[in-house]
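A, B, ... follow the sequence lines: proteins, then strands. Residue 1 opens every chain.
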Amino acid sequence: MDTLIVVLGPTGVGKSNISIQLAKHFHSEIISADSRQFFRELSIGTAVPSQEDLKLIPHHFIQTKSIHNYYNVSEFEIEALTTISRLFLKCNPLFLAGGSMLYIDTICKGIDDIPTVDLDVREEVTRWYENNGLEALRQRLLEVDAEYYRIVDLNNPKRLLHAVEIHQMTGKPFTSFRKNTIKERPFRILKVGINQDRKVLYDRINIRVEQMMAAGLLEEARAVYPHRNLNSLNTVGYKELFSYFDGDCTLVEAVDLIQRNTRKYARKQLTWFRRDQQIQWFEPEQVKEIINYIDQKMTENE
RNA sequence: GGUGCCAUAGCUCAGUUGGUAGAGCAAUGGACUGAAAAUCCAUGUGUCCCUGGUUCGAUUCCAGGUGGCACCA
(Lines give C-alpha, C1' and ligand atoms only; values in the text may rest on other atoms or scores of the structure.)
Protein backbone atom coordinates (compact mmCIF):
# COMPACT_ATOMS: atom_id res chain seq x y z
CA MET A 1 0.00 0.00 0.00
CA ASP A 2 1.23 3.48 -0.84
CA THR A 3 2.59 5.10 2.30
CA LEU A 4 3.35 8.75 2.92
CA ILE A 5 5.84 9.23 5.73
CA VAL A 6 5.40 12.64 7.32
CA VAL A 7 8.62 13.84 8.96
CA LEU A 8 7.74 16.68 11.29
CA GLY A 9 9.11 18.52 14.32
CA PRO A 10 10.15 21.93 15.57
CA THR A 11 12.33 24.21 13.50
CA GLY A 12 16.06 23.56 13.84
CA VAL A 13 15.77 19.98 15.07
CA GLY A 14 17.29 18.52 11.90
CA LYS A 15 14.24 17.36 9.94
CA SER A 16 15.76 18.17 6.55
CA ASN A 17 18.89 16.16 7.18
CA ILE A 18 17.00 13.20 8.58
CA SER A 19 14.46 13.11 5.78
CA ILE A 20 17.29 13.17 3.24
CA GLN A 21 18.87 10.16 4.94
CA LEU A 22 15.51 8.39 4.94
CA ALA A 23 14.76 9.22 1.32
CA LYS A 24 18.20 7.98 0.35
CA HIS A 25 17.71 4.73 2.21
CA PHE A 26 14.29 4.09 0.66
CA HIS A 27 15.30 5.44 -2.80
CA SER A 28 12.56 7.99 -2.58
CA GLU A 29 11.86 11.72 -2.91
CA ILE A 30 10.78 14.53 -0.61
CA ILE A 31 7.78 16.84 -0.69
CA SER A 32 8.37 19.94 1.38
CA ALA A 33 5.69 21.12 3.78
CA ASP A 34 7.34 24.37 4.67
CA SER A 35 5.34 27.51 4.03
CA ARG A 36 8.42 29.70 3.63
CA GLN A 37 10.81 27.47 1.72
CA PHE A 38 8.42 27.78 -1.24
CA PHE A 39 9.85 31.19 -2.01
CA ARG A 40 12.91 31.39 -4.20
CA GLU A 41 13.87 34.82 -2.87
CA LEU A 42 14.23 33.41 0.64
CA SER A 43 16.87 30.75 1.02
CA ILE A 44 19.32 31.58 3.79
CA GLY A 45 16.68 32.68 6.28
CA THR A 46 14.44 29.68 5.66
CA ALA A 47 17.31 27.17 5.88
CA VAL A 48 16.59 25.39 2.61
CA PRO A 49 18.68 22.25 1.98
CA SER A 50 22.05 22.77 0.26
CA GLN A 51 22.49 22.45 -3.51
CA GLU A 52 24.33 19.15 -2.97
CA ASP A 53 21.46 17.76 -0.92
CA LEU A 54 18.93 18.93 -3.48
CA LYS A 55 20.95 17.16 -6.18
CA LEU A 56 21.24 14.01 -4.12
CA ILE A 57 17.51 13.69 -3.43
CA PRO A 58 14.79 15.30 -5.56
CA HIS A 59 12.78 17.80 -3.50
CA HIS A 60 9.43 19.24 -4.48
CA PHE A 61 7.93 22.62 -3.57
CA ILE A 62 11.25 24.14 -2.58
CA GLN A 63 11.89 27.59 -4.03
CA THR A 64 9.26 27.09 -6.72
CA LYS A 65 7.23 30.23 -5.95
CA SER A 66 7.95 33.91 -5.82
CA ILE A 67 7.24 36.14 -2.85
CA HIS A 68 5.22 38.27 -5.26
CA ASN A 69 2.70 35.52 -5.98
CA TYR A 70 0.00 35.03 -3.39
CA TYR A 71 -0.01 31.43 -2.28
CA ASN A 72 -2.04 29.60 0.30
CA VAL A 73 -2.61 26.26 1.91
CA SER A 74 -5.51 25.32 -0.34
CA GLU A 75 -3.46 25.72 -3.49
CA PHE A 76 -0.77 23.68 -1.79
CA GLU A 77 -3.28 20.92 -1.06
CA ILE A 78 -4.22 20.62 -4.72
CA GLU A 79 -0.69 20.86 -6.10
CA ALA A 80 0.89 18.60 -3.51
CA LEU A 81 -1.72 15.87 -3.86
CA THR A 82 -1.18 15.83 -7.61
CA THR A 83 2.57 15.55 -7.10
CA ILE A 84 2.14 12.87 -4.46
CA SER A 85 0.01 10.62 -6.64
CA ARG A 86 2.45 11.06 -9.53
CA LEU A 87 5.44 10.17 -7.34
CA PHE A 88 3.76 7.09 -5.90
CA LEU A 89 4.07 5.58 -9.38
CA LYS A 90 7.81 5.26 -8.75
CA CYS A 91 8.42 5.73 -5.01
CA ASN A 92 7.05 3.99 -1.96
CA PRO A 93 7.28 5.08 0.78
CA LEU A 94 7.24 8.75 -0.11
CA PHE A 95 8.28 11.54 2.28
CA LEU A 96 6.57 14.74 3.31
CA ALA A 97 8.92 16.83 5.42
CA GLY A 98 8.42 20.17 7.07
CA GLY A 99 7.29 22.12 10.05
CA SER A 100 4.28 24.07 8.83
CA MET A 101 1.56 22.59 10.95
CA LEU A 102 -1.46 23.68 8.98
CA TYR A 103 0.12 22.60 5.71
CA ILE A 104 0.87 19.14 7.06
CA ASP A 105 -2.64 18.73 8.44
CA THR A 106 -4.11 19.84 5.14
CA ILE A 107 -2.26 17.10 3.29
CA CYS A 108 -3.26 14.52 5.89
CA LYS A 109 -6.87 15.51 6.54
CA GLY A 110 -7.83 18.02 3.89
CA ILE A 111 -9.35 21.44 4.24
CA ASP A 112 -12.83 22.68 3.41
CA ASP A 113 -13.64 24.14 0.05
CA ILE A 114 -13.74 27.85 0.83
CA PRO A 115 -13.29 30.44 -1.92
CA THR A 116 -10.00 32.30 -2.02
CA VAL A 117 -10.48 35.94 -1.09
CA ASP A 118 -9.81 38.48 -3.84
CA LEU A 119 -7.04 40.84 -2.89
CA ASP A 120 -9.22 43.90 -3.47
CA VAL A 121 -11.91 42.53 -1.15
CA ARG A 122 -9.23 41.89 1.45
CA GLU A 123 -7.93 45.40 1.11
CA GLU A 124 -11.42 46.90 1.33
CA VAL A 125 -12.43 44.93 4.44
CA THR A 126 -9.05 45.54 6.08
CA ARG A 127 -9.40 49.27 5.52
CA TRP A 128 -12.93 49.19 6.91
CA TYR A 129 -11.61 47.45 10.02
CA GLU A 130 -8.79 49.97 10.45
CA ASN A 131 -11.30 52.82 10.30
CA ASN A 132 -13.99 51.28 12.49
CA GLY A 133 -12.15 49.12 15.01
CA LEU A 134 -12.45 45.67 16.50
CA GLU A 135 -15.82 46.08 18.19
CA ALA A 136 -17.43 47.23 14.92
CA LEU A 137 -15.88 44.25 13.16
CA ARG A 138 -17.40 41.91 15.73
CA GLN A 139 -20.82 43.49 15.25
CA ARG A 140 -20.53 43.18 11.52
CA LEU A 141 -19.70 39.49 11.85
CA LEU A 142 -22.61 39.00 14.25
CA GLU A 143 -24.98 40.39 11.62
CA VAL A 144 -23.74 38.24 8.75
CA ASP A 145 -22.75 35.03 10.56
CA ALA A 146 -24.06 34.67 14.12
CA GLU A 147 -23.10 31.00 14.20
CA TYR A 148 -19.43 31.71 13.60
CA TYR A 149 -19.59 34.66 15.98
CA ARG A 150 -20.43 32.23 18.77
CA ILE A 151 -17.41 29.99 18.27
CA VAL A 152 -14.71 32.26 16.88
CA ASP A 153 -11.97 33.88 18.99
CA LEU A 154 -13.41 37.40 19.12
CA ASN A 155 -10.01 38.86 20.03
CA ASN A 156 -8.37 37.60 16.87
CA PRO A 157 -8.91 40.15 14.09
CA LYS A 158 -7.62 37.84 11.37
CA ARG A 159 -10.31 35.26 12.05
CA LEU A 160 -13.05 37.88 12.09
CA LEU A 161 -11.71 39.55 8.97
CA HIS A 162 -11.63 36.35 7.00
CA ALA A 163 -15.22 35.45 7.83
CA VAL A 164 -16.39 38.94 6.90
CA GLU A 165 -14.37 38.85 3.68
CA ILE A 166 -15.95 35.57 2.63
CA HIS A 167 -19.42 36.96 3.25
CA GLN A 168 -18.64 40.16 1.41
CA MET A 169 -17.40 38.18 -1.56
CA THR A 170 -20.01 35.42 -1.76
CA GLY A 171 -23.02 36.82 0.06
CA LYS A 172 -23.04 33.62 2.13
CA PRO A 173 -21.96 33.14 5.74
CA PHE A 174 -18.48 31.73 6.28
CA THR A 175 -20.00 28.91 8.32
CA SER A 176 -21.85 27.61 5.27
CA PHE A 177 -18.46 26.67 3.77
CA ARG A 178 -17.05 25.21 6.96
CA LYS A 179 -17.91 21.52 6.82
CA ASN A 180 -15.10 20.32 9.03
CA THR A 181 -15.00 16.96 7.32
CA ILE A 182 -11.88 14.85 7.16
CA LYS A 183 -10.99 13.90 3.60
CA GLU A 184 -9.96 10.30 2.99
CA ARG A 185 -6.64 9.98 1.21
CA PRO A 186 -5.87 7.16 -1.25
CA PHE A 187 -2.68 6.36 0.65
CA ARG A 188 -1.60 5.49 4.17
CA ILE A 189 -0.04 8.14 6.38
CA LEU A 190 2.67 7.52 8.95
CA LYS A 191 3.79 10.42 11.12
CA VAL A 192 7.36 10.50 12.40
CA GLY A 193 8.09 13.31 14.86
CA ILE A 194 11.60 14.51 15.63
CA ASN A 195 12.20 16.24 18.94
CA GLN A 196 14.96 16.70 21.48
CA ASP A 197 15.70 18.28 24.83
CA ARG A 198 14.37 21.83 24.83
CA LYS A 199 17.67 23.37 25.93
CA VAL A 200 19.65 21.59 23.24
CA LEU A 201 17.09 22.64 20.65
CA TYR A 202 17.26 26.28 21.75
CA ASP A 203 21.08 26.20 21.58
CA ARG A 204 20.89 24.78 18.07
CA ILE A 205 18.45 27.49 17.04
CA ASN A 206 20.67 30.26 18.44
CA ILE A 207 23.70 28.90 16.63
CA ARG A 208 21.78 28.43 13.40
CA VAL A 209 20.73 32.08 13.40
CA GLU A 210 24.37 33.13 13.84
CA GLN A 211 25.29 30.89 10.92
CA MET A 212 22.56 32.44 8.77
CA MET A 213 23.96 35.89 9.49
CA ALA A 214 27.46 34.68 8.58
CA ALA A 215 26.05 33.22 5.37
CA GLY A 216 24.63 36.55 4.28
CA LEU A 217 21.10 36.79 5.64
CA LEU A 218 21.47 40.56 5.99
CA GLU A 219 22.01 40.98 2.24
CA GLU A 220 19.21 38.57 1.43
CA ALA A 221 16.83 40.57 3.62
CA ARG A 222 18.00 43.87 2.15
CA ALA A 223 17.23 42.62 -1.34
CA VAL A 224 13.57 41.99 -0.48
CA TYR A 225 13.22 44.96 1.90
CA PRO A 226 11.35 47.09 -0.69
CA HIS A 227 8.58 44.46 -0.73
CA ARG A 228 8.31 44.18 3.02
CA ASN A 229 4.52 44.49 3.00
CA LEU A 230 4.04 41.19 1.22
CA ASN A 231 2.59 38.46 3.36
CA SER A 232 5.40 36.13 2.36
CA LEU A 233 7.83 38.49 4.07
CA ASN A 234 5.97 38.50 7.36
CA THR A 235 8.56 35.92 8.32
CA VAL A 236 10.94 35.38 11.21
CA GLY A 237 14.45 36.33 10.15
CA TYR A 238 13.30 39.03 7.77
CA LYS A 239 10.83 41.21 9.66
CA GLU A 240 13.36 41.76 12.46
CA LEU A 241 16.02 42.89 9.99
CA PHE A 242 13.49 45.23 8.36
CA SER A 243 13.17 46.95 11.75
CA TYR A 244 16.94 47.35 11.76
CA PHE A 245 16.86 48.85 8.24
CA ASP A 246 14.17 51.23 9.48
CA GLY A 247 16.52 52.35 12.25
CA ASP A 248 14.19 51.06 14.97
CA CYS A 249 16.81 48.83 16.58
CA THR A 250 20.47 47.88 16.37
CA LEU A 251 21.70 44.91 14.38
CA VAL A 252 22.59 43.07 17.58
CA GLU A 253 19.06 43.60 18.90
CA ALA A 254 17.56 42.42 15.63
CA VAL A 255 19.60 39.21 15.62
CA ASP A 256 18.70 38.63 19.24
CA LEU A 257 15.05 39.01 18.35
CA ILE A 258 15.35 36.58 15.44
CA GLN A 259 16.69 33.98 17.86
CA ARG A 260 13.94 34.63 20.35
CA ASN A 261 11.16 34.55 17.75
CA THR A 262 12.54 31.36 16.25
CA ARG A 263 12.47 29.76 19.69
CA LYS A 264 8.88 30.91 20.12
CA TYR A 265 7.98 29.42 16.77
CA ALA A 266 9.52 26.09 17.78
CA ARG A 267 7.47 26.12 20.97
CA LYS A 268 4.30 26.87 19.02
CA GLN A 269 4.99 23.99 16.65
CA LEU A 270 5.40 21.63 19.59
CA THR A 271 2.11 22.81 21.06
CA TRP A 272 0.34 21.98 17.82
CA PHE A 273 2.02 18.59 17.38
CA ARG A 274 1.51 17.56 21.00
CA ARG A 275 -2.20 16.92 20.55
CA ASP A 276 -1.67 14.66 17.53
CA GLN A 277 -1.73 11.13 18.93
CA GLN A 278 -0.72 9.58 15.60
CA ILE A 279 2.82 10.90 15.82
CA GLN A 280 5.56 8.44 16.72
CA TRP A 281 8.34 10.47 18.34
CA PHE A 282 12.11 9.99 17.92
CA GLU A 283 15.34 11.76 18.84
CA PRO A 284 17.43 13.24 16.01
CA GLU A 285 20.10 10.52 16.47
CA GLN A 286 17.63 7.68 15.99
CA VAL A 287 17.67 7.45 12.22
CA LYS A 288 18.22 3.67 12.40
CA GLU A 289 15.25 3.30 14.71
CA ILE A 290 13.11 5.34 12.36
CA ILE A 291 14.09 3.12 9.45
CA ASN A 292 13.22 0.03 11.49
CA TYR A 293 9.89 1.58 12.43
CA ILE A 294 9.06 2.32 8.80
CA ASP A 295 10.15 -1.16 7.66
CA GLN A 296 7.99 -2.73 10.31
CA LYS A 297 4.93 -0.69 9.39
CA MET A 298 5.47 -1.29 5.67
CA THR A 299 5.48 -5.08 6.06
CA GLU A 300 2.67 -5.04 8.63
CA ASN A 301 0.21 -3.61 6.19
CA GLU A 302 1.10 -4.94 2.78
C1' G B 1 41.60 55.09 52.44
C1' G B 2 37.20 58.92 52.59
C1' U B 3 32.29 60.44 50.99
C1' G B 4 27.82 59.59 48.38
C1' C B 5 24.39 56.36 45.80
C1' C B 6 22.62 51.37 44.95
C1' A B 7 21.40 45.94 46.39
C1' U B 8 13.67 43.26 45.32
C1' A B 9 11.50 37.58 39.97
C1' G B 10 16.07 34.54 34.99
C1' C B 11 16.92 40.18 33.18
C1' U B 12 15.60 45.65 33.59
C1' C B 13 13.28 48.01 37.30
C1' A B 14 8.72 49.83 40.34
C1' G B 15 6.80 49.58 45.35
C1' U B 16 5.61 48.89 50.50
C1' U B 17 3.81 56.60 55.11
C1' G B 18 6.40 49.31 59.00
C1' G B 19 1.28 44.40 58.29
C1' U B 20 6.28 39.23 53.83
C1' A B 21 5.33 42.44 47.14
C1' G B 22 4.28 43.94 40.97
C1' A B 23 5.22 45.77 35.82
C1' G B 24 7.73 45.00 31.16
C1' C B 25 10.74 41.44 28.84
C1' A B 26 12.20 36.37 29.08
C1' A B 27 10.08 31.47 30.36
C1' U B 28 5.84 28.03 30.23
C1' G B 29 0.86 26.21 28.70
C1' G B 30 -3.17 26.67 25.14
C1' A B 31 -6.22 27.94 20.60
C1' C B 32 -5.93 27.44 15.42
C1' U B 33 -9.96 25.68 8.27
C1' G B 34 -7.07 29.92 2.24
C1' A B 35 -2.27 35.63 5.82
C1' A B 36 -0.21 29.84 9.58
C1' A B 37 7.47 31.30 10.32
C1' A B 38 0.66 34.40 10.45
C1' U B 39 -2.81 35.73 14.32
C1' C B 40 -4.84 35.33 19.22
C1' C B 41 -5.44 33.80 24.62
C1' A B 42 -3.71 32.32 29.53
C1' U B 43 -0.02 31.41 33.73
C1' G B 44 3.71 31.46 37.66
C1' U B 45 8.06 32.90 39.17
C1' G B 46 10.70 35.68 45.27
C1' U B 47 15.68 33.84 52.04
C1' C B 48 12.92 41.68 49.00
C1' C B 49 22.13 40.88 49.98
C1' C B 50 23.89 39.24 55.26
C1' U B 51 24.04 40.02 60.76
C1' G B 52 22.23 42.57 64.73
C1' G B 53 18.94 46.64 66.92
C1' U B 54 14.12 49.25 67.58
C1' U B 55 9.00 47.27 67.21
C1' C B 56 3.38 43.19 68.62
C1' G B 57 5.41 42.92 63.63
C1' A B 58 11.21 44.93 59.44
C1' U B 59 11.88 43.73 52.68
C1' U B 60 10.73 48.92 54.45
C1' C B 61 13.53 52.58 60.00
C1' C B 62 18.70 52.40 62.57
C1' A B 63 23.86 50.31 63.06
C1' G B 64 27.56 47.17 61.24
C1' G B 65 29.20 43.92 57.33
C1' U B 66 29.61 42.28 52.14
C1' G B 67 29.31 43.39 46.92
C1' G B 68 28.70 47.08 42.87
C1' C B 69 28.92 52.13 40.84
C1' A B 70 30.43 57.34 41.09
C1' C B 71 33.34 61.16 42.94
C1' C B 72 37.46 62.76 46.16
C1' A B 73 42.29 61.48 47.89
Side-chain angles (χ1 to χ4, degrees), chain A residues 9-12 15 32-39 42 44-48 67 69-80 98-119 121-123 125-126 129 134 137-138 145 148 151-163 165-166 169-170 174-183 198-199 201-202 205-206 208-209 212 217 221 229-242 249 253 256-276:
Chain A
T11 187
K15 293 184 296 292
S32 170
D34 188 307
S35 71
R36 289 302 187 267
Q37 289 184 357
F38 297 142
F39 301 113
L42 316 180
I44 298 170
T46 60
V48 294
I67 55 169
N69 300 125
Y70 177 80
Y71 194 62
N72 64 44
V73 68
S74 178
E75 290 177 48
F76 178 67
E77 179 187 26
I78 295 163
E79 285 188 65
S100 299
M101 302 85 83
L102 181 64
Y103 284 66
I104 292 170
D105 277 5
T106 294
I107 297 303
C108 296
K109 300 191 288 196
I111 193 161
D112 287 327
D113 193 20
I114 297 167
T116 293
V117 175
D118 297 335
L119 287 181
V121 170
R122 168 148 299 167
E123 209 171 299
V125 175
T126 302
Y129 162 61
L134 186 59
L137 185 64
R138 288 175 183 153
D145 193 346
Y148 192 57
I151 56 166
V152 73
D153 176 359
L154 291 170
N155 286 315
N156 192 332
K158 291 219 170 159
R159 299 273 151 70
L160 307 180
L161 280 168
H162 187 231
E165 285 162 358
I166 293 293
M169 224 177 71
T170 66
F174 179 58
T175 329
S176 66
F177 297 99
R178 259 173 61 103
K179 305 279 186 258
N180 238 321
T181 50
I182 293 175
K183 292 178 190 164
R198 186 75 62 100
K199 249 184 153 162
L201 178 66
Y202 281 7
I205 286 172
N206 293 340
R208 196 174 70 161
V209 171
M212 285 176 179
L217 179 58
N229 290 326
L230 294 170
N231 173 60
S232 46
L233 293 177
N234 189 187
T235 298
V236 174
Y238 298 87
K239 55 184 176 182
E240 297 85 354
L241 291 174
F242 296 160
C249 65
E253 285 167 343
D256 203 64
L257 202 56
I258 293 173
Q259 293 173 323
R260 202 188 303 158
N261 286 338
T262 307
R263 282 182 255 131
K264 277 187 180 174
Y265 174 50
R267 193 145 51 78
K268 207 174 65 175
Q269 288 172 303
L270 288 167
T271 297
W272 181 294
F273 294 139
R274 206 171 283 139
R275 69 178 173 186
D276 189 340

With a 4.0 Å cut-off on heavy atoms, is A:Gly45 in touch with a base, just the backbone sugar-phosphate, or nothing at all? base
Is there a donor-acceptor contact under 3.5 Å linking the side chains of A:Thr262 and A:Arg208? no
Look at all strands and tell whether A:Asp256 reaches a base, only sugar-phosphate, or nothing, counting heavy atoms closer than 4.0 Å. nothing
Determine: side-chain N/O of A:Lys239 to OP1/OP2 of B:A38, distance under 4.0 Å, yes or no. yes
Look at A:Tyr202 and B:U28 and indicate whether a side-chain polar atom (N or O) is within less than 4.0 Å of OP1 or OP2. yes
Kindly say if A:Asn231 contacts the phosphate of B:A36, meaning a side-chain N or O under 4.0 Å from OP1 or OP2. yes
Just call it for A:Thr116: base, sugar-phosphate, or nothing, with non-hydrogen atoms closer than 4.0 Å on any strand. base
Does any N or O donor sit under 3.5 Å from an N or O acceptor when you compare the side chain of A:Lys268 with the base of B:A31? no
B:A38 P sits how many Å from A:Leu42 CG, rounded? 13 Å
How is A:Tyr103 classified with respect to the nucleic acid when contacts are heavy atoms under 4.0 Å: base, sugar-phosphate, or nothing? sugar-phosphate
Would you tell me if any nitrogen or oxygen in the side chain of A:Arg198 comes within less than 4.0 Å of OP1 or OP2 on B:A27? no
So what does A:Asp112 hit on the nucleic acid, given a heavy-atom distance under 4.0 Å: a base, only sugar-phosphate, or nothing? base
With a 4.0 Å cut-off on heavy atoms, is A:Arg275 in touch with a base, just the backbone sugar-phosphate, or nothing at all? base
How far does the C1' atom of B:U60 sit from the matching atom of B:G19, given to the nearest Å? 11 Å
Grab the CG-C1' distance between A:Leu270 and B:A27 for me, whole Å please. 15 Å
For A:Val117 and A:Asp153, find the nucleotide of RNA chain B closest to each by heavy atoms; which residue's nucleotide sits nearer the 5' end? A:Val117
Take atom CG of A:Leu257 and atom C1' of B:C25, then tell me their distance rounded to the nearest Å. 11 Å
The side chain to side chain contact (heavy atoms under 4.5 Å, CB included) partner of A:Leu160 among A:Asp153, A:Val125, A:Leu137 is A:Leu137
Categorize A:Asn261 for me: base, sugar-phosphate, or nothing, with a 4.0 angstrom heavy-atom threshold over every strand shown. nothing
So A:Glu123 and A:Thr126, side-chain contact (heavy atoms from CB on, under 4.5 Å) or not? Walk me through it. CA-CA 5 Å; A:Glu123 209 171 299; A:Thr126 302; 5.7 Å; no
Does B:U28 have OP1 or OP2 under 4.0 Å away from a side-chain N or O of A:Arg267? yes
Examine B:A36: is either OP1 or OP2 under 4.0 Å from a nitrogen or oxygen in the side chain of A:Arg36? Give yes or no. yes
Write down the distance between CD (A:Glu75) and P (B:A35), rounded to a whole number of angstrom. 10 Å
Students often get this wrong, so: under 4.0 angstrom with heavy atoms, is A:Thr46 touching a base, only sugar-phosphate, or nothing? base
For the P atoms, the ones on B:G52 and on B:G10, what distance do you get once it is rounded to whole angstrom? 25 Å
Which label fits B:G18, syn or anti, where anti is any glycosidic angle not within 90° of 0? anti
Euclidean distance for C1', B:A7 against B:C50 (whole angstrom): 11 Å
Mutual orientation of the aromatic rings belonging to A:Tyr103 and A:Phe76 [parallel < 30°, tilted 30-60°, perpendicular > 60°]: tilted
Hey, does A:Leu161 reach any base, or is it just sugar-phosphate, or nothing, if we go heavy atoms under 4.0 Å? base
Within the structure shown, what part of the strands sits under 4.0 Å from A:Phe174 by heavy-atom distance: base, sugar-phosphate, or nothing? sugar-phosphate
Would you say a side-chain N or O of A:Arg159 is under 4.0 Å from OP1 or OP2 of B:A35? no
A:Asn155 and A:Arg138: side-chain donor and acceptor closer than 3.5 Å? yes
On RNA chain B, compare the nucleotides closest to A:Gln37 and A:Ser74; which residue's is nearer the 5' end? A:Ser74
